[in-house]
Amino acid sequence: TSATALGAAVARTGAARVDLVGYSAGGVVVRLWLADPVRALRARRVVLLGTPNHGTELAGAAAALGPGMCGSVCQMAPGSGLLAELNRGDETPPGPRFFSIWTAFDQTVTPPATAALDGAANIRVQDVCPSARLGHGDLVTSPLALGLVVGALQGTLPEDPGAGDCAALRAAGAGGR
């Protein structure tokens, strides 16, 4: 249902190509919509923030209580049918450039490295700013995370952002506040 709603929103733009940003489970929705090769060609850049691309143990714990008790959350459990299908073969279909931005201090997407996506520019915020103590929710409010998103969307993000880019990325992310 969410992927269908995303498709309708993309269609309403009338744009030939779009950039997509997905946070948390919203990133899985973006990937689900992009699973169709024709739709994937409509995307230019895809930025995922704290997305449980390979599941999260929290959803696994909920699923263990009983599938009927956790609804769509069960789809985020490691090894779920939905994630197995998305991760079968090429995790980043041809068309867009993919970025997965995540934090080592995520307590929602656990373990945090499950956000990494084969074929994407995988960016752990602590590799850019070692002192960054961002949690899951901070990925949509932190100047550092927002600077990474802006750089990815503008095509100005360094190929392998590191500590030398920390201050500039924070400044870029603070500019939109």
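Just so you know, these numbers come straight off a predicted model, no measurement behind them.
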- Query: Are Leu117 and Phe98 side-chain neighbours, meaning at least one heavy-atom pair lies under 4.5 Å?
  - Reply: yes

- Item | Pairs satisfying ring-ring contact (aromatic ring centres under 6.0 Å, His included), at least one member in residues 114-167, at least two apart | Tyr23-His136

- Considering residues, nucleotides and ligands other than Asp90, do more than 12 of their heavy atoms fall under 6.0 Å from its CG? yes

- Message: Quick test of your reading: applying side-chain hydrogen bond (donor to acceptor under 3.5 Å, both in side chains), list the pairs with at least one residue in residues 122-135, sequence neighbours left out, ordered by first then second residue.
- Response: Thr103-Gln126, Arg124-Asp127

- Task: Using a 4.5 Å cut-off on heavy atoms from C-beta on, say whether the side chain of Phe105 contacts that of Val125.
- Result: no

- Message: Considering only residues two or more places apart or on different chains, which pairs with a residue in residues 140-162 satisfy ring-ring contact (aromatic ring centres under 6.0 Å, His included)?
- Response: none

- Item | Nearest-0.5 Å distance that lies between atom CG in Asn87 and atom NE2 in His54 | 4.5 Å

- Message: If I take atom CG from residue Leu20 and atom CG from residue Leu34, how far apart are they, to the nearest 0.5 angstrom?
- Response: 6.0 Å

- Task: With sequence neighbours excluded, give me every side-chain hydrogen bond (donor to acceptor under 3.5 Å, both in side chains) pair touching residues 34-53.
- Result: Asp19-Arg44, Arg31-Asn53

- Of all residues at least two apart in sequence or in a different chain, which pass the side chain to side chain donor-acceptor pair (under 3.5 Å) check with Arg88? Glu85

- Query: Pairs in or reaching into residues 101-174: which pass disulfide (SG to SG under 2.5 Å), with residues at least two apart or in two chains?
  - Reply: Cys129-Cys166

- Can you find a pair of side-chain heavy atoms, one from Ser24 and one from Leu49, that are under 4.5 Å apart? no

- Item | Leu134 side, atom CG; Ile101 side, atom CD1 - distance, nearest 0.5 Å | 11.0 Å

